[in-house]
Novice: 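Got a structure for you, written out below as C-alpha cells; questions coming shortly.
Below, all heavy atoms of this structure are taken into account, side chains as well, without hydrogens, waters or symmetry copies.
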Amino acid sequence: MSSNGVVTRFAPSPTGYLHIGGARTALFNWLFARHHGGKFLLRIEDTDRARSTPEATEAIFEGMRWLGLDWDGDAVSQFERVPRHQEAAQQMLDAGTAYKCYATKEEIEAFREQARVEKRPPLFQSPWRDSTDMPDLPFVVRLKAPKSGETVVDDQVQGRITFQNETMDDLVLLRSDGTPTYMLAVVVDDHDMGVTHVIRGDDHLTNAARQTLISQALGWEVPVFAHVPMIHGEDGKKLSKRHGALGVEEYRDMGYLAAAMRNYLARLGWSHGNDEFFTTEQAIEWFSLEPIGKSPARFDFKKLGNLSGQHIRATDNAELLEEIIAYVAAQNGEPFTENQKSVFLSSMDSLKARAKVIPELLDMAYFFLGSRPFVPDAKAAQILDIVSRGMLNRLTSRLRDATWSLENLEAEIRDFAEGEELKLGKVAQPLRAALTGRGVSPSVFDMMVTLGKEETLARLEDVST
C-alpha cells in the first residue's frame, strides 16, 4: 500500500448512462476509500472513440453526482494518456519483457486453425518472441509472458486463485497503429494514479492475472484485487433490460431518493449483520471488503421500494422538500409557490407516511397543489354518488360551526357518522373524494386542517350543490 494510504478508482467506459452495476462498483470503491480516509478517483476509459462522446461522459458524471459519490481531483481521460501507455510499452521492450511481433492476421488465424485440427490449445505462439530481426513491416507489441509456473491472485473477495502460466498467451500491449490495448492502459493508469485497491466486477477476474504479469514486467507493485459478483435479476439471470431499469438516471426519474439507492446498492452483495436500513454515514463507518459475498446478488424492486419508503420517512421534512423541489425542476414541472412550499412542509408528516418515491408524495399532495374545482378520477366519481353527495351536504352544514382543530374535527365527523348510522369509513371516503377528486389521499382530518376551514367548505360545496 502506498504511503498516502488507500486509493481506489472507478473506471467506467462511457456508454451513455451509468449502469446500475457500475454504480454499485463505484459505491463500493467510494465507501472503502472514505472508510479509510483515502482517495476515490474517477477515470473515464474512453479509448473507444466511436462510443466515447462528451454526452456519454457527462451522463456518467451526472449519475455519480446524483448518487452523491464525489471523487477526488479531476476525472482522468484514458485516451489523453496514450503517449504514457506507449512509453510504458517501450520500457518493456527495452527491458526485454515485451517484443515486437510481425505476424499477420492471416498467419495467426492459420496457426489457431491448425491447433484446433490437432486439438491443441489455440494460444498463439509467436515466432517473433525471441527473434532479433527487425523487418520494416507493421508490428504489434506483445508481452513476453512466462511459459511455466503460475500466477497467483490473492483476491479479497474470491480468495486465492492460481492461474497456470502455460494457459496464458503473449497478449498484445500495443496495436499496429500504436494505440494501447485495455490491458496495458489499465495497468499504467492504475500505477500512475497510485491506486492501491482495484474493486470491480468478477467478470474481470481473469484480467487480474494478465494485469499482474504486466505489472511485474514493469517492475511495479501489484494492487490489491477485490472482484465482486455481478448483479442478477430476480430470476437469477444476469441483469438486463428485461428486468427493468438499468441506468441510474432512470431511478432518479422514478423518484427514488439517492440515499435510498446508496443504501440498497450497498446491500447488494455486502452486509453488516442483519442491518437492512442504514444511513450513508453508517455505511462509511462499517464498510470493509470481508463481508462481500461470493454469490451474485439479486435486484429486488420490492425491497428497494420498502427501503426508499423508510428513507423518505427518516428524512428531515425541510430536506425532503428540497429533494422534491429538485425532482420537480429536473422533470421540468411547474415550480412551487411560496405558499405551496409552506403547506407542503406543514403537511409532510402526513404525506410521507405511506410514500415510497417522490411521485407518490406529489400524488398525495395533489389536494393542495391542484386547483378547484377538481375533476374526480374514476374511483372518486364512483364514490361520489347521489347518496354520498346528500350526506356531504348535511356534513357541510354541521362543519360551518365547527372549531377547526385536528382533535375537534375528528370528534365532529365521528359523531356525525354515528348520527347517520354509518361507519367512519363510509363518511371519510366521500369526504376524501370531495376534497381531492381522488380515491386515495392522506388522512382526511390532516387534509382539513391543512386546507383550513374556508377552503374545505368550498370544496365540499363544489360537490354537494
Novice: Applying the side-chain contact (heavy atoms from CB on, under 4.5 Å) test to L361, which of K352, R354, E323, K356 qualifies?
Specialist: K352
Novice: Please evaluate residues H197 and F225 with respect to the criterion ring-ring contact (aromatic ring centres under 6.0 Å, His included), reporting the C-alpha separation (whole Å), side-chain torsions for both, the decisive distance (0.1 Å), and the verdict.
Specialist: CA-CA 6 Å; H197 292 73; F225 289 111; over 10 Å; no
Novice: Would you check if the side chain of T179 reaches a backbone N or O of R175 as a donor-acceptor pair within less than 3.5 Å?
Specialist: no
Novice: For D349, enumerate each residue passing the salt bridge (charged side-chain N to carboxylate O under 4.0 Å, His left out) test, keeping only those at least two apart in sequence or located in another chain.
Specialist: none
Novice: Only pairs at least two apart or in different chains count here, so list each side chain to side chain donor-acceptor pair (under 3.5 Å) that has a residue in residues 205-216.
Specialist: D169-R210, R200-Q211, H204-N207
Novice: Determine, step by step, whether R116 and E113 satisfy the salt bridge (charged side-chain N to carboxylate O under 4.0 Å, His left out) criterion, reporting the C-alpha distance in whole Å, the side-chain angles of both residues, the deciding distance to 0.1 Å, and the verdict.
Specialist: CA-CA 5 Å; R116 282 191 286 269; E113 180 58 33; 3.1 Å; yes
Novice: Counting only heavy atoms from other residues, nucleotides and ligands, does the tally under 6.0 Å from NZ of K147 exceed 12?
Specialist: yes
Novice: List for me each residue that meets side chain to side chain contact (heavy atoms under 4.5 Å, CB included) alongside Q90, sequence neighbours excluded, and say none if there are none.
Specialist: L93, D94
Novice: Is it true that a side-chain atom of H36 and a backbone atom of G38 form a donor plus acceptor pair closer than 3.5 Å?
Specialist: no
Novice: If you measure from CG on L213 to CG on L171, what distance do you get to the nearest 0.5 Å?
Specialist: 8.0 Å
Novice: Not counting sequence neighbours, list each pair that qualifies as a salt bridge (Lys or Arg N to Asp or Glu O under 4.0 Å) and has a residue in residues 177-190.
Specialist: R9-D190, R43-D189, R43-D190, R81-D189
Novice: Measure the acute angle between the ring planes of F278 and W270, then classify it against the limits of 30° and 60° as parallel, tilted or perpendicular.
Specialist: perpendicular
Novice: Are any non-hydrogen side-chain atoms of V186 and Q78 less than 4.5 angstrom apart?
Specialist: yes
Novice: Judged by atom type as modelled, is there a donor-acceptor pair below 3.5 Å linking the side chain of R24 to the main-chain atoms of L268?
Specialist: yes
Novice: Salt bridge (Lys or Arg N to Asp or Glu O under 4.0 Å): which pairs involve residues 272-297, sequence neighbours left out?
Specialist: R267-E276
Novice: Can you give each donor-acceptor pair under 3.5 Å made by side-chain atoms of residues 255-262, sequence neighbours left out, with the distance rounded to 0.1 Å?
Specialist:
residue	atom	partner	partner atom	Å
R262	NE	T280	OG1	2.8
R262	NH1	L67	O	2.6
R262	NH2	T280	OG1	3.3

Novice: According to ring pair (Phe, Tyr, Trp, His ring centres under 6.0 Å), who are the partners of W66, at least two apart in sequence or on a separate chain?
Specialist: none
Novice: Using atom types as modelled and distance alone, determine if a side-chain donor or acceptor of Q158 lies under 3.5 Å from a backbone N or O of A226.
Specialist: no
Novice: Are any non-hydrogen side-chain atoms of K237 and H232 less than 4.5 angstrom apart?
Specialist: no
Novice: Which heavy atom in L184 sits nearest to a heavy atom in H85, and how many Å separate them?
Specialist: CD2-O, 3.5 Å
Novice: How long is the straight-line distance from OG of S347 back to CD of Q340, given to the nearest 0.5 Å?
Specialist: 11.5 Å
Novice: Got L173 and I214 here, is their nearest side-chain heavy-atom distance under 4.5 Å?
Specialist: yes
Novice: How many angstroms lie between atom CD1 of I312 and atom CD1 of I358, to the nearest 0.5 angstrom?
Specialist: 6.5 Å
Novice: Find the distance between CG (N263) and CG (L307) and round it off to the nearest 0.5 Å.
Specialist: 4.5 Å
Novice: Tell me whether the count of non-hydrogen atoms from other residues, nucleotides or ligands lying under 6.0 Å of CD in Q331 goes above 12.
Specialist: yes
Novice: Which pairs with one or both residues in residues 325-339 pass salt bridge (Lys or Arg N to Asp or Glu O under 4.0 Å), sequence neighbours excluded?
Specialist: E338-K341
Novice: Hey, would you say the F40 and W71 ring centroids sit under 6.0 Å apart?
Specialist: no
Novice: Rounded to the nearest 0.5 Å, what separation is found between the CZ atom of F287 and the CH2 atom of W30?
Specialist: 11.0 Å
Novice: Do E118 and Q114 pair up side chain to side chain, a donor and an acceptor below 3.5 Å, judged on atom types alone?
Specialist: yes
Novice: Identify all side-chain donor-acceptor contacts of residues 135-144 below 3.5 Å with residues at least two apart in sequence or on another chain.
Specialist:
residue	atom	partner	partner atom	Å
R142	NH1	D170	O	2.8
K144	NZ	R129	O	3.4

Novice: Side chains of S77 and D46: do they bring a donor and an acceptor to under 3.5 Å?
Specialist: yes
Novice: Between F374 and F367 (judged by ring centroids, cut-off 6.0 Å), do the two rings come close enough to count as a pair?
Specialist: no
Novice: Who are the salt bridge (charged side-chain N to carboxylate O under 4.0 Å, His left out) partners of R313, not counting sequence neighbours?
Specialist: none
Novice: Is there a salt bridge (charged side-chain N to carboxylate O under 4.0 Å, His left out) between E87 and R84? Walk through the geometry before answering.
Specialist: CA-CA 5 Å; E87 179 184 297; R84 171 62 180 134; 2.7 Å; yes
Novice: Under the ring-ring contact (aromatic ring centres under 6.0 Å, His included) criterion, do F299 and Y251 qualify, and how do the steps go?
Specialist: CA-CA 13 Å; F299 199 98; Y251 292 88; 5.8 Å; yes
Novice: Can you find a heavy atom in the side chain of I199 that is under 4.5 Å from one in the side chain of T25?
Specialist: no
Novice: Hey, are the side chains of I44 and P12 touching, using non-hydrogen atoms and a 4.5 Å cut-off?
Specialist: yes
Novice: Just verifying a value: how many Å separate N29 CG and T8 OG1, rounded to the nearest 0.5 Å?
Specialist: 4.5 Å
Novice: Could you list all the salt bridge (Lys or Arg N to Asp or Glu O under 4.0 Å) pairs where at least one residue sits in residues 299-308, not counting sequence neighbours?
Specialist: none
Novice: Tell me every residue that passes side chain to side chain contact (heavy atoms under 4.5 Å, CB included) with A365, counting only those two or more places apart in sequence or in another chain.
Specialist: F344, L351, F368, L369
